[in-house]
Amino acid sequence: MPVYQKLKKPEKGDVISVSSGKLTVPDRPVIPFIEGDGTGPDIWKATQPVLDAAVKKCYGGKKEIVWFPVHAGLSAIQRYGIDTVLPEETLNAIREYKVAIKGPLTTPVGGFKYVCLECAAEQNDLNDKRPDKCVKCGSAWVTQRFRSLNVGLRQTLDLYACVRPVQWFTGVPCPVKEPEKLDVVIFRENTEDVYSGIEFEQGTPDVEKVIGFMKAEFGKTIRPDSGVGIKPISISGTRRLVRKAIQYAVEQKRRSVTLVHKGNIMKFTEGAFRDWGYELARTEFRDQTVTEKEVGEVHGGKVPEGKILIKDRIADQMFQQLLLRPDEYDVIATPNLNGDYISDACAAQVGGLGLAPGANFSDDIAIFEATHGTAPKYAGQDRVNPSSVILSAVMMLEHLGWNEAAVRIKNAIGKTIQQKRVTYDLERQMQGATRLKCSEFGAAIIDNL
């Protein structure tokens, strides 16, 4: 059992166990949570009461989530020191308890982030020029350089599948005419592709070695003033991602799984992803699936009853398809970068990232998360939409098998939106709506449970 130095384990509650991919969930599971940076504390304060109220209403006290606060990002710096943004204690807590939930964590665009240890304000600076002092409280800045904490969590815990369902809530303002036609679940590979972090900075001795090696060994010319990144996509990484997508489609009785790739250009990475995906479907799910080619050549253009259609689309074509023919797509499996773009584009069609849930899975660990950024300029204002975290918590309840509470929350969110009692991001687009604070929106959802 892990020993915690700066975390206090809950005095009550039990550990979720996993065997052969199946969860055993006690009535009072301990769930670690990370509030997050920027607006993270605001949206968590609105989210936790919704979860607690729904569980209480559904199970009358027989079930309860025991919350365990853990730290990453700016809260970790405040507790553990400037060199620690992702503490080993946090990772150990997630490993021990198997299921966790988190708010948004800061990701510096240019590599440097200035943070204030007093009030946790943050600021990017692409020119590496230290500001004189914190713009909020006047304390001294501390410089911190780190990569995305979200990527760090995924790679360290091998959370290889990012899962993002996208579905429209009636009444949400949208840029498309028929948002109800889009109902997809995106499975994005999480650990490989250009997100693997294998990069060499322009002008460094390391990048010179890489450029020289490519020229000498393979005759490939790279401009000498380049930065270089490497894009690995493996058979094992592809197979486990596609396997999880097809398993989900089978269990949830979905209609199709689409492999999205740019294999017409990147033939040995994304093209291989497509080929390995088809091979996995054929060898492991032969009785449950049929390919688009087989439908046309063997089944007269009609998918056989009870079969899941396996097909593929080139990534740029898929963007168009999701706008023009969204109801033809169901479960989507894709490499990392494509999945990032496509999931955000889909969310935009049904109201934006404020309503987009997400989760990251390994074979035994699951972390549920807000899919938007930290929005630090709104931090502490009790203003932003908490729905992304609340809907991610709905996914968490479904993962636990507490489906009654999950359905109750989702219905209550829909009812609150139809009542036009919404946060500013929706209120400004809805005629006759009432603008609620973040916390008030959470309270309105509880009223509608």
Is it the case that [X] and [Y] place a side-chain donor and acceptor less than 3.5 Å from each other?
X	Y	answer
Ser256	Asp330	no
Gln419	Arg421	yes
Glu64	Tyr59	no
Asp183	Trp168	no
Tyr4	Asn92	no
His261	Asn338	no

Any salt bridge between [X] and [Y], counting N to O under 4.0 Å?
X	Y	result
Lys231	Glu270	yes
Glu279	Arg274	no
Arg435	Glu440	no
Lys63	Asp27	yes

- Any idea how Trp67 and Trp44 line up, ring-wise: parallel (<30°), tilted (30 to 60°), or perpendicular (>60°)?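 Rings of Trp67 and Trp44: perpendicular, over 60°.
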
- Query: Only one of Val99, Ile94, Ile34 forms a side chain to side chain contact (heavy atoms under 4.5 Å, CB included) with Ile367, so which one is it?
  - Reply: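 Going through Val99, Ile94, Ile34 one by one, the side chain to side chain contact (heavy atoms under 4.5 Å, CB included) with Ile367 is satisfied by Ile94 alone.
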
Please confirm whether [X] makes a cation-pi placement over [Y], using NZ or CZ under 6.0 Å from the six-membered ring centre and within 45° of the ring normal.
X	Y	result
Arg383	Tyr424	yes
Lys311	Tyr329	yes
Arg188	Tyr195	yes

- Item | Donor-acceptor pair, side chain of Gln349 and main chain of Leu322, under 3.5 angstrom | yes

- Message: Please check: side-chain N/O of Ser392 versus main-chain N/O of Glu369, any donor-acceptor pairing under 3.5 Å?
- Response: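 Flag set: sc Ser392 to bb Glu369 pair under 3.5 Å.
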
- Message: Test ring pair (Phe, Tyr, Trp, His ring centres under 6.0 Å) on Phe68 and Tyr97; report intermediate values, then the result.
- Response: CA-CA 10 Å; Phe68 182 10; Tyr97 293 104; 5.8 Å; yes

- Query: Is the centre of the Tyr248 ring less than 6.0 Å from the centre of the Phe187 ring?
  - Reply: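 Centroid distance Tyr248-Phe187: below 6.0 Å, so yes.
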
